[in-house]
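Atoms within a ligand are numbered from 1 in the order they appear, just like the ligands themselves. Residues take their numbers from the sequence shown, with the count starting at 1.
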Amino acid sequence: MSETLNKGTYYITTPIYYPSSNLHIGHTYCTVMTDAMARFKRLSGYDVHFLTGTDEHGQKIQKKADEAGVTPQAFVDQVVEGIKELWAKMEISYDDFIRTTEPRHIKRVQEIFKKMYEKGDIYKSVYEGLYCTDCEAFWTESQLEDGKCPDCGRPVEKAQEEAYFFRLSEYGDKLLNLYDEHPEFLQPDTRRNEMKAFINQGLEDLCISRTSFDWGIPVPIDEKHVIYVWLDALSNYITALGYPDDPELYNKYWPADVHLVGKEIVRFHSIIWPAMLMSIEEPLPKQVLGHGWLLIDGGKMSKSKGNVVDPVVLIDRYGIDALKYFLLREYTFGQDGVFTNEVMLKRMNFDLANDLGNLVSRTVSMIEKYCNGVIPKAYTEDDIDKELKSIAISAPEKVEAQMDKFAFNMALEEIWILVCRANKYVDEKEPWALAKDESKSDELETCMHNLAECLRIIGILIYPFMHTTTDRIWEQIGITDEVRWEDASKFDMLDGQKVNKGPVLFPRLDIEKELEALEELQKK
Ligand code: MSP
(Lines give C-alpha, C1' and ligand atoms only; values in the text may rest on other atoms or scores of the structure.)
Protein backbone atom coordinates (compact mmCIF):
# COMPACT_ATOMS: atom_id res chain seq x y z
CA MET A 1 0.00 0.00 0.00
CA SER A 2 1.15 3.50 -0.68
CA GLU A 3 1.94 5.21 2.60
CA THR A 4 2.46 8.57 0.96
CA LEU A 5 -1.03 9.21 -0.30
CA ASN A 6 -3.06 8.80 2.90
CA LYS A 7 -6.53 9.73 1.74
CA GLY A 8 -8.23 9.12 5.08
CA THR A 9 -10.21 6.20 6.41
CA TYR A 10 -12.59 3.88 4.60
CA TYR A 11 -14.85 1.50 6.50
CA ILE A 12 -16.63 -1.16 4.45
CA THR A 13 -18.71 -4.11 5.61
CA THR A 14 -20.40 -7.24 4.30
CA PRO A 15 -23.59 -8.56 5.89
CA ILE A 16 -22.91 -11.02 8.66
CA TYR A 17 -23.84 -14.43 7.28
CA TYR A 18 -26.09 -16.98 8.98
CA PRO A 19 -24.00 -20.01 9.85
CA SER A 20 -26.96 -22.30 9.31
CA SER A 21 -25.04 -24.17 6.62
CA ASN A 22 -21.95 -23.71 4.46
CA LEU A 23 -21.90 -20.62 2.30
CA HIS A 24 -22.64 -20.84 -1.42
CA ILE A 25 -21.53 -18.86 -4.43
CA GLY A 26 -24.20 -16.16 -3.79
CA HIS A 27 -22.66 -15.30 -0.42
CA THR A 28 -19.20 -15.47 -1.96
CA TYR A 29 -20.27 -12.93 -4.56
CA CYS A 30 -20.94 -10.24 -1.92
CA THR A 31 -17.71 -10.90 -0.07
CA VAL A 32 -15.66 -10.92 -3.29
CA MET A 33 -17.06 -7.50 -4.24
CA THR A 34 -16.33 -6.11 -0.79
CA ASP A 35 -12.82 -7.51 -0.89
CA ALA A 36 -12.16 -5.98 -4.31
CA MET A 37 -13.33 -2.59 -3.08
CA ALA A 38 -11.29 -2.86 0.12
CA ARG A 39 -8.17 -3.78 -1.86
CA PHE A 40 -8.80 -1.02 -4.36
CA LYS A 41 -9.19 1.60 -1.63
CA ARG A 42 -6.09 0.40 0.21
CA LEU A 43 -4.12 0.53 -2.99
CA SER A 44 -5.31 4.04 -3.71
CA GLY A 45 -4.14 5.29 -0.35
CA TYR A 46 -7.01 4.84 2.13
CA ASP A 47 -6.70 3.46 5.63
CA VAL A 48 -9.26 0.70 5.14
CA HIS A 49 -11.18 -1.27 7.73
CA PHE A 50 -13.03 -4.23 6.23
CA LEU A 51 -15.45 -6.06 8.51
CA THR A 52 -17.26 -9.32 7.95
CA GLY A 53 -18.65 -11.96 10.26
CA THR A 54 -21.48 -14.27 11.22
CA ASP A 55 -24.98 -13.80 12.61
CA GLU A 56 -25.28 -16.74 14.92
CA HIS A 57 -28.40 -16.41 17.04
CA GLY A 58 -32.03 -17.21 16.45
CA GLN A 59 -34.54 -19.91 16.31
CA LYS A 60 -33.48 -21.36 12.98
CA ILE A 61 -29.96 -22.08 14.20
CA GLN A 62 -31.28 -23.47 17.46
CA LYS A 63 -33.51 -25.84 15.51
CA LYS A 64 -30.70 -26.94 13.21
CA ALA A 65 -28.51 -27.64 16.22
CA ASP A 66 -31.30 -29.68 17.85
CA GLU A 67 -31.68 -31.69 14.66
CA ALA A 68 -27.94 -32.32 14.61
CA GLY A 69 -28.04 -33.30 18.27
CA VAL A 70 -25.49 -30.69 19.34
CA THR A 71 -25.64 -27.45 21.28
CA PRO A 72 -26.24 -24.30 19.20
CA GLN A 73 -22.76 -23.11 20.15
CA ALA A 74 -21.12 -26.32 18.95
CA PHE A 75 -23.19 -26.15 15.79
CA VAL A 76 -22.20 -22.59 14.88
CA ASP A 77 -18.57 -23.12 15.88
CA GLN A 78 -18.25 -25.82 13.29
CA VAL A 79 -20.00 -23.91 10.48
CA VAL A 80 -18.08 -20.72 11.25
CA GLU A 81 -14.82 -22.60 11.04
CA GLY A 82 -15.78 -23.65 7.51
CA ILE A 83 -16.68 -20.06 6.61
CA LYS A 84 -13.35 -18.78 7.89
CA GLU A 85 -11.57 -21.51 5.94
CA LEU A 86 -13.39 -20.44 2.79
CA TRP A 87 -12.34 -16.81 3.24
CA ALA A 88 -8.77 -17.86 3.98
CA LYS A 89 -8.71 -20.00 0.88
CA MET A 90 -9.98 -17.06 -1.15
CA GLU A 91 -7.48 -14.71 0.53
CA ILE A 92 -10.26 -12.35 1.55
CA SER A 93 -8.51 -9.38 3.12
CA TYR A 94 -10.87 -8.63 6.01
CA ASP A 95 -9.50 -6.73 8.99
CA ASP A 96 -11.95 -8.13 11.50
CA PHE A 97 -14.41 -10.99 11.70
CA ILE A 98 -17.21 -10.53 14.21
CA ARG A 99 -19.25 -13.39 15.59
CA THR A 100 -22.44 -12.38 17.34
CA THR A 101 -21.77 -15.04 19.98
CA GLU A 102 -18.56 -13.34 21.07
CA PRO A 103 -18.60 -11.70 24.52
CA ARG A 104 -17.47 -8.37 22.99
CA HIS A 105 -20.62 -8.31 20.85
CA ILE A 106 -23.03 -9.60 23.49
CA LYS A 107 -22.16 -7.05 26.16
CA ARG A 108 -22.21 -4.18 23.68
CA VAL A 109 -25.58 -5.14 22.21
CA GLN A 110 -26.93 -5.13 25.76
CA GLU A 111 -25.50 -1.63 26.22
CA ILE A 112 -27.18 -0.50 23.01
CA PHE A 113 -30.49 -2.02 24.16
CA LYS A 114 -30.20 -0.17 27.48
CA LYS A 115 -29.49 3.14 25.78
CA MET A 116 -32.54 2.76 23.57
CA TYR A 117 -34.62 1.76 26.59
CA GLU A 118 -33.43 4.73 28.63
CA LYS A 119 -34.25 7.00 25.72
CA GLY A 120 -37.86 5.75 25.97
CA ASP A 121 -37.70 4.05 22.60
CA ILE A 122 -38.32 0.52 23.92
CA TYR A 123 -41.48 -0.65 25.65
CA LYS A 124 -43.04 -3.95 26.67
CA SER A 125 -46.20 -5.17 24.96
CA VAL A 126 -47.70 -8.26 23.40
CA TYR A 127 -46.52 -9.85 20.17
CA GLU A 128 -49.20 -11.53 18.13
CA GLY A 129 -48.30 -13.94 15.42
CA LEU A 130 -49.02 -17.26 13.81
CA TYR A 131 -47.51 -19.98 15.93
CA CYS A 132 -46.44 -23.51 15.05
CA THR A 133 -46.52 -25.50 18.27
CA ASP A 134 -44.46 -28.27 16.82
CA CYS A 135 -41.59 -26.02 15.78
CA GLU A 136 -42.24 -23.59 18.64
CA ALA A 137 -41.94 -20.83 16.08
CA PHE A 138 -43.83 -17.65 15.26
CA TRP A 139 -44.40 -16.86 11.61
CA THR A 140 -45.81 -13.91 9.73
CA GLU A 141 -48.58 -14.36 7.17
CA SER A 142 -46.13 -13.86 4.30
CA GLN A 143 -43.72 -16.49 5.58
CA LEU A 144 -46.34 -19.27 5.52
CA GLU A 145 -46.36 -21.76 2.70
CA ASP A 146 -49.90 -22.68 1.61
CA GLY A 147 -51.06 -21.22 4.90
CA LYS A 148 -48.94 -23.74 6.84
CA CYS A 149 -45.67 -23.68 8.77
CA PRO A 150 -42.86 -23.27 6.20
CA ASP A 151 -40.63 -25.61 8.20
CA CYS A 152 -42.80 -28.61 9.02
CA GLY A 153 -45.90 -28.01 6.92
CA ARG A 154 -48.26 -28.32 9.93
CA PRO A 155 -51.10 -25.85 10.61
CA VAL A 156 -50.31 -22.70 12.57
CA GLU A 157 -52.51 -20.89 15.04
CA LYS A 158 -52.79 -17.33 16.28
CA ALA A 159 -50.83 -16.87 19.48
CA GLN A 160 -49.45 -14.13 21.68
CA GLU A 161 -46.38 -13.61 23.77
CA GLU A 162 -44.99 -10.81 25.84
CA ALA A 163 -42.27 -8.93 23.96
CA TYR A 164 -40.29 -5.72 23.83
CA PHE A 165 -40.85 -3.31 20.98
CA PHE A 166 -38.77 -0.55 19.45
CA ARG A 167 -40.70 2.61 18.59
CA LEU A 168 -39.75 2.47 14.92
CA SER A 169 -43.00 4.25 14.04
CA GLU A 170 -41.59 7.44 15.57
CA TYR A 171 -38.76 7.53 13.04
CA GLY A 172 -40.65 7.61 9.72
CA ASP A 173 -40.31 11.36 9.13
CA LYS A 174 -36.68 11.41 10.22
CA LEU A 175 -35.89 8.62 7.78
CA LEU A 176 -37.69 10.42 4.95
CA ASN A 177 -35.64 13.53 5.75
CA LEU A 178 -32.47 11.46 5.72
CA TYR A 179 -33.23 10.16 2.21
CA ASP A 180 -34.06 13.67 0.97
CA GLU A 181 -31.04 15.35 2.50
CA HIS A 182 -28.64 12.55 1.62
CA PRO A 183 -29.85 10.83 -1.53
CA GLU A 184 -26.46 9.10 -1.71
CA PHE A 185 -27.34 7.21 1.50
CA LEU A 186 -29.47 4.83 -0.49
CA GLN A 187 -28.79 4.14 -4.14
CA PRO A 188 -30.11 3.59 -6.77
CA ASP A 189 -33.03 6.03 -6.82
CA THR A 190 -35.53 3.25 -7.51
CA ARG A 191 -34.55 1.48 -4.30
CA ARG A 192 -34.86 4.72 -2.34
CA ASN A 193 -38.30 5.30 -3.77
CA GLU A 194 -39.36 1.80 -2.71
CA MET A 195 -38.23 2.57 0.84
CA LYS A 196 -40.06 5.89 0.82
CA ALA A 197 -43.24 4.17 -0.34
CA PHE A 198 -42.81 1.57 2.39
CA ILE A 199 -42.40 4.24 5.06
CA ASN A 200 -45.30 6.27 3.70
CA GLN A 201 -47.61 3.32 4.28
CA GLY A 202 -46.83 3.82 7.97
CA LEU A 203 -44.08 2.11 9.96
CA GLU A 204 -45.06 -0.30 12.69
CA ASP A 205 -43.09 -0.65 15.88
CA LEU A 206 -40.60 -3.47 15.72
CA CYS A 207 -40.70 -6.51 17.95
CA ILE A 208 -37.18 -6.91 19.31
CA SER A 209 -37.41 -9.71 21.85
CA ARG A 210 -38.71 -13.25 22.21
CA THR A 211 -39.43 -15.65 25.02
CA SER A 212 -40.32 -18.67 22.86
CA PHE A 213 -36.68 -19.66 22.39
CA ASP A 214 -33.47 -18.85 24.22
CA TRP A 215 -30.61 -18.95 21.69
CA GLY A 216 -29.97 -15.23 21.77
CA ILE A 217 -28.58 -12.36 23.77
CA PRO A 218 -30.52 -11.89 27.01
CA VAL A 219 -32.46 -8.64 27.29
CA PRO A 220 -30.41 -6.85 29.94
CA ILE A 221 -33.43 -5.62 31.87
CA ASP A 222 -35.47 -8.80 31.66
CA GLU A 223 -33.51 -12.02 31.37
CA LYS A 224 -36.36 -14.27 30.34
CA HIS A 225 -36.34 -12.51 26.96
CA VAL A 226 -33.72 -12.80 24.28
CA ILE A 227 -33.05 -10.02 21.80
CA TYR A 228 -34.60 -10.82 18.45
CA VAL A 229 -32.51 -10.99 15.30
CA TRP A 230 -32.14 -7.59 13.65
CA LEU A 231 -31.23 -5.51 16.68
CA ASP A 232 -28.57 -8.07 17.52
CA ALA A 233 -27.33 -8.43 13.94
CA LEU A 234 -27.23 -4.81 12.80
CA SER A 235 -25.34 -3.72 15.90
CA ASN A 236 -22.34 -5.75 14.72
CA TYR A 237 -21.16 -2.87 12.57
CA ILE A 238 -20.39 -0.81 15.67
CA THR A 239 -19.83 -3.43 18.36
CA ALA A 240 -16.93 -4.76 16.28
CA LEU A 241 -15.40 -1.28 16.46
CA GLY A 242 -15.67 -1.29 20.25
CA TYR A 243 -18.79 0.83 20.69
CA PRO A 244 -19.57 1.98 23.33
CA ASP A 245 -16.91 1.01 25.88
CA ASP A 246 -13.70 0.93 23.81
CA PRO A 247 -14.16 3.70 21.29
CA GLU A 248 -10.71 3.98 19.73
CA LEU A 249 -11.56 2.16 16.50
CA TYR A 250 -15.10 3.46 16.63
CA ASN A 251 -13.90 7.06 16.66
CA LYS A 252 -11.46 6.29 13.90
CA TYR A 253 -13.72 4.45 11.44
CA TRP A 254 -17.35 5.22 12.24
CA PRO A 255 -19.50 6.21 10.37
CA ALA A 256 -19.10 3.42 7.83
CA ASP A 257 -18.47 4.50 4.27
CA VAL A 258 -20.55 1.68 2.91
CA HIS A 259 -22.58 -1.30 4.01
CA LEU A 260 -22.71 -3.67 1.07
CA VAL A 261 -25.77 -5.91 1.34
CA GLY A 262 -28.07 -8.07 -0.76
CA LYS A 263 -31.20 -6.41 -2.04
CA GLU A 264 -33.58 -8.26 0.30
CA ILE A 265 -31.92 -6.82 3.39
CA VAL A 266 -31.59 -3.24 2.15
CA ARG A 267 -34.82 -2.50 4.01
CA PHE A 268 -33.36 -3.47 7.37
CA HIS A 269 -30.21 -1.47 6.70
CA SER A 270 -31.95 1.65 5.50
CA ILE A 271 -34.86 1.76 7.95
CA ILE A 272 -34.19 -0.15 11.17
CA TRP A 273 -30.45 0.51 11.30
CA PRO A 274 -30.52 4.31 10.89
CA ALA A 275 -33.48 4.48 13.28
CA MET A 276 -31.51 2.53 15.89
CA LEU A 277 -28.55 4.86 15.44
CA MET A 278 -30.79 7.90 15.72
CA SER A 279 -32.16 6.44 18.93
CA ILE A 280 -28.71 6.06 20.47
CA GLU A 281 -27.73 9.41 18.95
CA GLU A 282 -24.82 8.17 16.90
CA PRO A 283 -23.87 9.16 13.33
CA LEU A 284 -25.40 7.27 10.43
CA PRO A 285 -23.51 5.23 7.83
CA LYS A 286 -22.74 7.18 4.69
CA GLN A 287 -24.17 4.63 2.30
CA VAL A 288 -26.11 1.41 2.04
CA LEU A 289 -25.64 -0.35 -1.29
CA GLY A 290 -27.82 -3.24 -2.37
CA HIS A 291 -26.56 -5.83 -4.83
CA GLY A 292 -28.65 -8.26 -6.85
CA TRP A 293 -28.85 -12.02 -6.47
CA LEU A 294 -27.15 -14.78 -8.33
CA LEU A 295 -29.93 -16.97 -9.59
CA ILE A 296 -29.88 -20.50 -10.77
CA ASP A 297 -32.49 -21.81 -13.20
CA GLY A 298 -34.25 -18.48 -12.73
CA GLY A 299 -34.64 -19.00 -8.98
CA LYS A 300 -32.71 -18.10 -5.84
CA MET A 301 -30.18 -20.62 -4.65
CA SER A 302 -31.13 -22.34 -1.50
CA LYS A 303 -29.86 -25.29 0.46
CA SER A 304 -33.40 -26.59 0.87
CA LYS A 305 -33.95 -26.61 -2.90
CA GLY A 306 -30.61 -28.39 -3.30
CA ASN A 307 -29.46 -26.05 -6.06
CA VAL A 308 -26.54 -24.31 -4.43
CA VAL A 309 -23.19 -23.88 -6.12
CA ASP A 310 -20.28 -24.61 -3.82
CA PRO A 311 -17.46 -22.10 -4.33
CA VAL A 312 -14.88 -24.56 -3.00
CA VAL A 313 -15.46 -26.91 -5.94
CA LEU A 314 -14.82 -24.04 -8.37
CA ILE A 315 -11.78 -22.68 -6.53
CA ASP A 316 -10.17 -26.10 -6.32
CA ARG A 317 -10.62 -26.60 -10.02
CA TYR A 318 -9.97 -23.13 -11.47
CA GLY A 319 -8.21 -21.11 -8.77
CA ILE A 320 -9.39 -18.13 -6.75
CA ASP A 321 -8.56 -15.49 -9.32
CA ALA A 322 -10.50 -17.13 -12.13
CA LEU A 323 -13.58 -17.39 -9.93
CA LYS A 324 -13.26 -13.84 -8.58
CA TYR A 325 -12.72 -12.48 -12.08
CA PHE A 326 -15.83 -14.23 -13.31
CA LEU A 327 -18.04 -12.99 -10.46
CA LEU A 328 -16.84 -9.42 -10.78
CA ARG A 329 -16.82 -9.27 -14.58
CA GLU A 330 -20.03 -11.09 -15.43
CA TYR A 331 -22.62 -9.45 -13.21
CA THR A 332 -23.87 -5.89 -13.09
CA PHE A 333 -23.95 -4.45 -9.60
CA GLY A 334 -27.49 -4.05 -8.32
CA GLN A 335 -29.04 -6.42 -10.83
CA ASP A 336 -29.79 -10.11 -10.55
CA GLY A 337 -27.76 -12.42 -12.73
CA VAL A 338 -28.02 -16.06 -13.70
CA PHE A 339 -25.19 -18.36 -12.75
CA THR A 340 -24.33 -21.14 -15.16
CA ASN A 341 -21.21 -23.24 -15.45
CA GLU A 342 -21.11 -22.64 -19.16
CA VAL A 343 -21.06 -18.84 -18.94
CA MET A 344 -18.36 -19.10 -16.28
CA LEU A 345 -16.19 -21.46 -18.32
CA LYS A 346 -16.49 -19.30 -21.42
CA ARG A 347 -15.40 -16.20 -19.53
CA MET A 348 -12.45 -18.07 -18.11
CA ASN A 349 -11.46 -19.28 -21.55
CA PHE A 350 -11.97 -16.11 -23.54
CA ASP A 351 -10.92 -13.39 -21.15
CA LEU A 352 -8.37 -15.16 -19.02
CA ALA A 353 -6.78 -17.91 -21.11
CA ASN A 354 -7.06 -16.25 -24.53
CA ASP A 355 -6.72 -12.56 -23.77
CA LEU A 356 -4.69 -12.08 -20.62
CA GLY A 357 -2.84 -15.40 -20.41
CA ASN A 358 -1.88 -15.27 -24.04
CA LEU A 359 -0.62 -11.68 -23.83
CA VAL A 360 1.63 -12.51 -20.90
CA SER A 361 2.99 -15.69 -22.35
CA ARG A 362 3.70 -14.35 -25.84
CA THR A 363 5.28 -11.16 -24.51
CA VAL A 364 7.64 -12.97 -22.18
CA SER A 365 8.50 -15.57 -24.83
CA MET A 366 9.32 -12.88 -27.37
CA ILE A 367 11.49 -10.93 -24.95
CA GLU A 368 13.37 -14.15 -24.27
CA LYS A 369 13.71 -14.91 -27.92
CA TYR A 370 14.46 -11.50 -29.36
CA CYS A 371 16.14 -9.67 -26.47
CA ASN A 372 17.99 -12.38 -24.54
CA GLY A 373 15.36 -12.19 -21.85
CA VAL A 374 16.12 -8.58 -20.91
CA ILE A 375 13.47 -5.87 -21.20
CA PRO A 376 14.91 -3.30 -23.60
CA LYS A 377 14.53 0.48 -23.79
CA ALA A 378 12.13 2.20 -26.18
CA TYR A 379 13.89 3.97 -29.02
CA THR A 380 11.21 4.92 -31.47
CA GLU A 381 7.56 5.98 -31.37
CA ASP A 382 4.99 5.79 -34.13
CA ASP A 383 1.24 6.33 -34.02
CA ILE A 384 0.53 2.75 -32.99
CA ASP A 385 2.97 3.02 -30.08
CA LYS A 386 1.45 6.33 -29.07
CA GLU A 387 -2.05 4.92 -29.11
CA LEU A 388 -1.11 1.92 -27.00
CA LYS A 389 0.70 4.11 -24.52
CA SER A 390 -2.17 6.53 -24.21
CA ILE A 391 -4.70 3.72 -23.61
CA ALA A 392 -2.38 2.29 -20.96
CA ILE A 393 -1.74 5.43 -18.96
CA SER A 394 -5.32 6.64 -19.09
CA ALA A 395 -6.69 3.27 -17.90
CA PRO A 396 -6.22 3.86 -14.13
CA GLU A 397 -8.40 6.95 -14.16
CA LYS A 398 -11.11 5.10 -16.05
CA VAL A 399 -10.95 2.18 -13.64
CA GLU A 400 -11.22 4.57 -10.70
CA ALA A 401 -14.28 6.25 -12.20
CA GLN A 402 -16.01 2.87 -12.51
CA MET A 403 -15.00 1.79 -9.02
CA ASP A 404 -16.47 5.01 -7.64
CA LYS A 405 -19.78 3.66 -8.94
CA PHE A 406 -19.16 0.10 -7.70
CA ALA A 407 -19.23 -0.90 -11.36
CA PHE A 408 -16.76 -3.75 -10.97
CA ASN A 409 -17.67 -5.23 -14.34
CA MET A 410 -17.03 -1.94 -16.13
CA ALA A 411 -13.75 -1.44 -14.28
CA LEU A 412 -12.59 -4.82 -15.55
CA GLU A 413 -13.89 -4.00 -19.00
CA GLU A 414 -11.66 -0.90 -19.01
CA ILE A 415 -8.68 -3.05 -18.11
CA TRP A 416 -9.53 -5.54 -20.83
CA ILE A 417 -9.61 -2.74 -23.40
CA LEU A 418 -5.91 -2.41 -22.68
CA VAL A 419 -5.33 -6.17 -22.66
CA CYS A 420 -7.02 -6.51 -26.06
CA ARG A 421 -5.28 -3.46 -27.47
CA ALA A 422 -1.92 -4.88 -26.46
CA ASN A 423 -2.73 -8.18 -28.16
CA LYS A 424 -3.77 -6.30 -31.28
CA TYR A 425 -0.54 -4.29 -31.07
CA VAL A 426 1.44 -7.51 -31.34
CA ASP A 427 -0.52 -8.50 -34.44
CA GLU A 428 -0.03 -5.07 -36.00
CA LYS A 429 3.66 -4.76 -35.17
CA GLU A 430 4.50 -8.32 -36.22
CA PRO A 431 7.65 -8.56 -34.08
CA TRP A 432 8.56 -11.83 -35.82
CA ALA A 433 8.89 -9.86 -39.07
CA LEU A 434 10.81 -7.00 -37.39
CA ALA A 435 13.23 -9.59 -36.01
CA LYS A 436 14.14 -10.68 -39.50
CA ASP A 437 15.27 -7.20 -40.54
CA GLU A 438 18.32 -5.89 -38.69
CA SER A 439 17.53 -2.29 -39.60
CA LYS A 440 14.32 -2.64 -37.56
CA SER A 441 15.96 -3.66 -34.30
CA ASP A 442 15.08 -0.33 -32.63
CA GLU A 443 11.47 -0.81 -33.54
CA LEU A 444 11.53 -4.39 -32.29
CA GLU A 445 13.01 -3.36 -28.95
CA THR A 446 10.48 -0.55 -28.60
CA CYS A 447 7.73 -3.04 -29.24
CA MET A 448 9.00 -5.43 -26.55
CA HIS A 449 9.49 -2.55 -24.13
CA ASN A 450 5.96 -1.28 -24.66
CA LEU A 451 4.43 -4.70 -24.20
CA ALA A 452 6.36 -5.26 -20.98
CA GLU A 453 5.16 -1.86 -19.73
CA CYS A 454 1.59 -2.86 -20.54
CA LEU A 455 2.00 -6.04 -18.50
CA ARG A 456 3.33 -4.04 -15.58
CA ILE A 457 0.38 -1.64 -15.76
CA ILE A 458 -2.16 -4.43 -16.20
CA GLY A 459 -0.61 -6.14 -13.18
CA ILE A 460 -1.33 -3.07 -11.06
CA LEU A 461 -4.81 -2.54 -12.43
CA ILE A 462 -5.98 -6.09 -11.81
CA TYR A 463 -4.53 -6.22 -8.29
CA PRO A 464 -7.78 -5.36 -6.44
CA PHE A 465 -9.63 -8.07 -8.34
CA MET A 466 -7.05 -10.85 -8.75
CA HIS A 467 -3.94 -10.12 -6.76
CA THR A 468 -2.32 -13.53 -7.10
CA THR A 469 -2.27 -13.05 -10.87
CA THR A 470 -0.49 -9.73 -10.38
CA ASP A 471 2.21 -11.55 -8.46
CA ARG A 472 2.54 -14.15 -11.18
CA ILE A 473 2.77 -11.57 -13.96
CA TRP A 474 5.29 -9.49 -12.06
CA GLU A 475 7.42 -12.49 -11.37
CA GLN A 476 7.57 -13.15 -15.08
CA ILE A 477 8.66 -9.61 -15.92
CA GLY A 478 11.10 -9.45 -13.06
CA ILE A 479 9.44 -6.85 -10.80
CA THR A 480 9.83 -7.22 -7.08
CA ASP A 481 8.55 -3.79 -5.99
CA GLU A 482 5.36 -3.35 -4.02
CA VAL A 483 2.27 -2.63 -6.08
CA ARG A 484 1.60 1.12 -6.21
CA TRP A 485 -1.51 2.45 -7.92
CA GLU A 486 0.21 5.70 -8.93
CA ASP A 487 2.73 3.70 -10.98
CA ALA A 488 -0.07 2.55 -13.25
CA SER A 489 -0.25 5.94 -14.93
CA LYS A 490 3.48 6.01 -15.61
CA PHE A 491 5.16 4.49 -18.64
CA ASP A 492 8.81 3.61 -19.09
CA MET A 493 9.52 2.24 -15.62
CA LEU A 494 11.04 -1.00 -16.86
CA ASP A 495 14.49 -1.09 -18.32
CA GLY A 496 16.97 -3.91 -18.06
CA GLN A 497 14.80 -6.25 -15.95
CA LYS A 498 15.24 -9.90 -16.69
CA VAL A 499 12.09 -11.80 -17.60
CA ASN A 500 11.41 -15.33 -16.33
CA LYS A 501 8.99 -17.38 -18.31
CA GLY A 502 6.57 -19.00 -15.89
CA PRO A 503 3.77 -21.51 -16.12
CA VAL A 504 0.66 -20.67 -18.14
CA LEU A 505 -1.50 -18.27 -16.12
CA PHE A 506 -4.86 -19.74 -17.07
CA PRO A 507 -4.95 -23.04 -18.92
CA ARG A 508 -7.41 -23.28 -21.77
CA LEU A 509 -10.41 -25.35 -20.72
CA ASP A 510 -12.20 -28.00 -22.71
CA ILE A 511 -15.68 -26.68 -22.05
CA GLU A 512 -17.60 -29.88 -22.81
CA LYS A 513 -15.33 -31.90 -20.57
CA GLU A 514 -15.49 -29.33 -17.79
CA LEU A 515 -19.26 -29.18 -17.93
CA GLU A 516 -19.47 -32.90 -17.41
CA ALA A 517 -16.91 -32.85 -14.63
CA LEU A 518 -18.67 -30.01 -12.84
CA GLU A 519 -22.01 -31.69 -13.08
CA GLU A 520 -20.54 -34.71 -11.32
CA LEU A 521 -18.76 -32.65 -8.68
CA GLN A 522 -21.77 -30.46 -8.00
CA LYS A 523 -24.00 -33.48 -7.43
CA LYS A 524 -21.98 -34.36 -4.37
N1 MSP B 1 -27.74 -12.52 8.75
C2 MSP B 1 -28.43 -11.74 7.79
C3 MSP B 1 -27.69 -10.44 7.52
C4 MSP B 1 -27.47 -9.59 8.72
S5 MSP B 1 -26.52 -8.20 8.34
C6 MSP B 1 -26.61 -7.24 9.70
C7 MSP B 1 -28.56 -12.51 6.48
N8 MSP B 1 -27.75 -13.54 6.32
S9 MSP B 1 -27.73 -14.50 5.02
O10 MSP B 1 -26.67 -15.42 5.26
O11 MSP B 1 -29.03 -15.04 4.79
O12 MSP B 1 -27.41 -13.60 3.81
C13 MSP B 1 -26.28 -12.80 3.79
C14 MSP B 1 -26.14 -12.10 2.47
O15 MSP B 1 -25.96 -13.05 1.42
C16 MSP B 1 -27.35 -11.26 2.08
O17 MSP B 1 -26.91 -9.97 1.73
C18 MSP B 1 -27.92 -11.96 0.89
O19 MSP B 1 -28.48 -11.10 -0.06
C20 MSP B 1 -26.68 -12.62 0.32
N21 MSP B 1 -27.07 -13.72 -0.53
C22 MSP B 1 -27.64 -14.91 -0.18
N23 MSP B 1 -27.92 -15.60 -1.31
C24 MSP B 1 -27.54 -14.89 -2.40
C25 MSP B 1 -27.53 -15.10 -3.77
N26 MSP B 1 -27.99 -16.20 -4.32
N27 MSP B 1 -26.97 -14.13 -4.54
C28 MSP B 1 -26.41 -13.01 -4.02
N29 MSP B 1 -26.42 -12.78 -2.73
C30 MSP B 1 -27.03 -13.67 -1.90
O31 MSP B 1 -29.38 -12.12 5.67
Where do S235 and V109 come nearest, in terms of heavy atoms and distance?
CB-CG2, 3.8 Å
Close-contact set for ligand 1 against A233 heavy atoms, below 4.0 Å:
6 (C)
State yes or no: are the ring centers of H269 and Y237 separated by less than 6.0 Å?
yes
Output field: ring centroids Y10/F50 closer than 6.0 Å:
no
Pairs of nitrogen or oxygen atoms closer than 3.5 Å, one from E264 and one from ligand 1: do any exist?
yes
Please work out whether any backbone atom (N, CA, C, O) or any side-chain heavy atom from C-beta onward of Y237 is under 4.0 Å from ligand 1, and answer side chain, backbone, both or neither.
side chain
Min N/O separation P15 to ligand 1 under 3.5 Å
no
For residues S270 and R191, is any side-chain donor paired with an opposing acceptor at under 3.5 Å?
no
Ranked by distance from atom 25 (C) of ligand 1, the top protein heavy atom is G26 CA, 3.5 Å
Please report whether ligand 1 has a polar contact with N236, defined as an N or O pair separated by less than 3.5 Å (distance criterion only).
no
For G292, the ligand 1 atoms with a heavy-atom partner under 4.0 Å come out as 28 (C)
Out of H24, K60, M301, the nearest non-hydrogen contact to atom 24 (C) of ligand 1 is supplied by H24
Among all protein non-hydrogen atoms, which one is nearest to atom 17 (O) of ligand 1, and what is the separation to 0.1 Å?
G262 N, 2.8 Å
Should I16 be counted as touching ligand 1, given the test is an N or O pair under 3.5 Å?
yes
Please work out whether any backbone atom (N, CA, C, O) or any side-chain heavy atom from C-beta onward of I265 is under 4.0 Å from ligand 1, and answer side chain, backbone, both or neither.
side chain
Close-contact set for ligand 1 against H291 heavy atoms, below 4.0 Å:
28 (C), 29 (N)
Give a yes or no on whether the ring-centroid distance for Y318 and Y325 is below 6.0 angstrom.
no
List ligand 1 atoms under 4.0 Å from D55, heavy atoms only on the residue side.
1 (N), 2 (C), 4 (C)
Atom 10 (O) of ligand 1: which of F339, Y331, Y18 has the nearest heavy atom?
Y18
D257 pairs by salt bridge (Lys or Arg N to Asp or Glu O under 4.0 Å) with which of K7, K41, K286?
K286
Atom 20 (C) of ligand 1: the protein heavy-atom neighbour that sits closest, reported with distance to 0.1 Å:
H27 CD2, 4.3 Å
Is it true that atom CD of E264 has more than 12 heavy atoms of other residues, nucleotides or ligands lying nearer than 6.0 Å?
yes
re atom 26 (N) of ligand 1, the protein heavy-atom contact at minimum distance is L294 O, 3.0 Å
Less than 6.0 angstrom separating the ring centers of F350 and W416, yes or no?
no
Protein heavy-atom partner closest to atom 14 (C) of ligand 1 - residue, atom, separation in Å
Y17 CE2, 3.7 Å
Is it true that E161 and Y131 share a donor-acceptor pair across their side chains at a distance under 3.5 Å?
no
Just checking K196: does its NZ atom have more than 12 heavy atoms from other residues, nucleotides or ligands closer to it than 6.0 angstrom?
yes
Should we count CD of E184 as having more than 12 external heavy atoms under 6.0 Å?
yes
Does ligand 1 have an atom that lies less than 4.0 angstrom from a heavy atom of F268?
no
